Visitor: 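Quick one: the structure is below, and I'll ask about it shortly.
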Number of protein chains: 2
Amino acid sequence: MMITLTEENYIKAIYHLGKQGSTTVSTNAIAQEMDTKASSVTDMVKKLSEKGYVDYKKYQGVSLTESGKAIAINVVRKHRLWEVFLVEKLNFSWDEIHEVAEQLEHIKSKKLISQLDAFLGYPTHDPHGDPIPDETGNIKKIDKILLSEVKEGNDCICVGVQDSSTEFLQYLDKNKIALGVNLKVLQREPFDNSIAIKIGDKELVISNLIANNLYVKVS
Amino acid sequence: MMITLTEENYIKAIYHLGKQGSTTVSTNAIAQEMDTKASSVTDMVKKLSEKGYVDYKKYQGVSLTESGKAIAINVVRKHRLWEVFLVEKLNFSWDEIHEVAEQLEHIKSKKLISQLDAFLGYPTHDPHGDPIPDETGNIKKIDKILLSEVKEGNDCICVGVQDSSTEFLQYLDKNKIALGVNLKVLQREPFDNSIAIKIGDKELVISNLIANNLYVKVS
DNA sequence: ATTAATTTTTAGACTAATCTAAATTTTATT
DNA sequence: AATAAAATTTAGATTAGTCTAAAAATTAAT
């Protein structure tokens, strides 16, 4: 049974909203994520349910079935591999890749993806630090925490972002924050939860909003 | 005005049928090329006409306008660049690329294509020997002729194929015929128009059908 | 130059995906 | 527990693309 591009996008949205497909997701949340109306979501969710991709009970929200989850993970895999390709091979910057990867992720060819994976050297993470599922759908997650949770005095290394918006990524670029960069938390300001960090030999004060969208690993 | 994937495919079909968009094309021919019904073609052609991509008079066939031709050439450019990518970077063989390139050709991103072009080293021809239009839509054509037209005793070099079907390309592979390979026409058989050729140090008799689908340049 | 065959177009219907507006169910609040 | 608010679903309409069957135009053949 053929899956359409739209169905694939709904499944992906449900996956992301449901934290890797484990939680139940509301109609409204999907509508917001997909930039569409709740009534459209209801229609589509019924269809996905008939096709066996989601579990759905009226008024009770949706969750992915195993087959739905497998589809979602495969789309995520394709999306992230293409992102690596765009950055590593075509010199895109990390704030330019999302839109294009949204299109590329729907290309259907098993061989294309396995060859691309090999061509890129079997990358484990995309340019935003998110893990790339392997061919069997396995995702190995690293133990990352938000920068906002790091204690004063601790050294850490930047491993990912929570928000992948152009604005946020360009802020990071401007301040020379990139994946792999070392940071030290100098001081936390309780009043507004801002944090003073040392990056390279420079000091920088970042807001709580920023610190809440940056993943690090304490070293 | 946004152009849909389907519209793009119709424009491409009209371009190919009309020999690079110069000739008028019939409704039935388009229907056959697109594997759809003539009535569907009429509907679509009306829409394309309203949008200014084709000139159309009832019962008189269709031809591309300048803007339609520009769209077609751009799709062709993308298709052929992706084919080069698949063969050169992802180790596809030339009989496996068409289907995937059919999907990739619709990805919309100016930067993607210009970067891909650069990444591939600005190739001038795709793996089937067809020329790749440049960014401005310019196509430089080489003076190729069909192998069936080569005189006895002449040496030539294989530069392209007319038919890109899997079956034909696999026949060529099997017989070690590839782009760039030198051939010599030993003898032409008038009875069935078959041709005896020398390829490397081997002799091979090929049918007229084969010779009519292989482009060469006399050297 | 009629008639026959073929091609093309029209008319009307169908599916996928969407929308608005109204109805229903659930959740929150008094 | 009753009512108000919010979320969700239904009903009915719309658009893009397609289809079948019938009508109209063109081309071919007698």
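Scope of the values below: all heavy atoms of this structure, side chains included, with no hydrogens, waters or symmetry mates. Keep in mind it's a predicted model, so treat the numbers as computed, not measured.
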Visitor: Between A:F119 and B:K89, is there a cation-pi geometry (under 6.0 Å to ring centre, at most 45° from the normal)?
Guide: no
Visitor: Without decimals, in angstroms, what is the distance between A:K46 NZ and C:dA16 C1'?
Guide: 15 Å
Visitor: Find the distance B:M2:CE to D:dT15:C1' and express it as a whole number of Å.
Guide: 16 Å
Visitor: Taking CG from B:L5 and P from D:dT18, how many angstroms apart are they, rounded to a whole number?
Guide: 10 Å
Visitor: Whole Å only: how far is the CD atom of A:E50 from the C1' atom of C:dA16?
Guide: 13 Å
Visitor: Please give, in whole Å, the distance from C:dT15 C1' to A:E7 CD?
Guide: 12 Å
Visitor: If you compare every side-chain N and O of A:K58 against the phosphate oxygens of D:dT10 (OP1, OP2), does one of them come in below 4.0 Å?
Guide: yes
Visitor: For this output row, return yes or no: ring centroids of B:H98 and B:H128 closer than 6.0 angstrom.
Guide: no
Visitor: Is the distance from the ring center of A:Y10 to that of A:Y15 below 6.0 Å?
Guide: no
Visitor: OP1 or OP2 of C:dT6 sitting under 4.0 Å from any side-chain N/O of B:N28?
Guide: no
Visitor: Is any N or O donor-acceptor pair between the side chain of B:S39 and the base of D:dT20 shorter than 3.5 Å?
Guide: yes
Visitor: So does A:Y10 get a side-chain nitrogen or oxygen closer than 4.0 Å to the phosphate oxygens (OP1/OP2) of C:dA16?
Guide: no
Visitor: Out of C:dT10, D:dA16, D:dT8, which has the shortest distance to the side chain of B:D43?
Guide: C:dT10
Visitor: Given D:dT8, is OP1 or OP2 found less than 4.0 Å from the side-chain N or O atoms of A:Q60?
Guide: no
Visitor: Take the protein atom NZ of A:K57 and the nucleotide atom C1' of D:dT9, then report the distance between them rounded to whole Å.
Guide: 17 Å
Visitor: The side chain of B:S40 lies closest to which of these nucleotides: C:dT18, C:dT8, D:dT18?
Guide: D:dT18
Visitor: Would one find a side-chain N or O of B:K37 under 4.0 angstrom from OP1 or OP2 of C:dT8?
Guide: no
Visitor: Rounded off to whole Å, could you give me the OH-to-C1' distance for the A:Y56 and D:dT10 pair?
Guide: 10 Å
Visitor: So, does B:T42 get its side chain near the phosphate of C:dT10, meaning an N or O under 4.0 Å from OP1 or OP2?
Guide: no
Visitor: Does B:Y59 place a side-chain N or O at less than 4.0 Å from the phosphate oxygens OP1/OP2 of C:dT6?
Guide: no
Visitor: Is the shortest heavy-atom distance from the side chain of A:T27 to the side chain of A:T42 under 4.5 Å?
Guide: yes
Visitor: Between P on C:dT9 and CD1 on B:I30, what's the gap in Å once rounded to a whole number?
Guide: 9 Å
Visitor: Only one of A:E33, A:E102, A:H106 clears side chain to side chain donor-acceptor pair (under 3.5 Å) with A:N9; which?
Guide: A:H106
Visitor: When you check the phosphate oxygens OP1 and OP2 of D:dC19, does a side-chain N or O of B:T36 lie under 4.0 Å from one of them?
Guide: yes
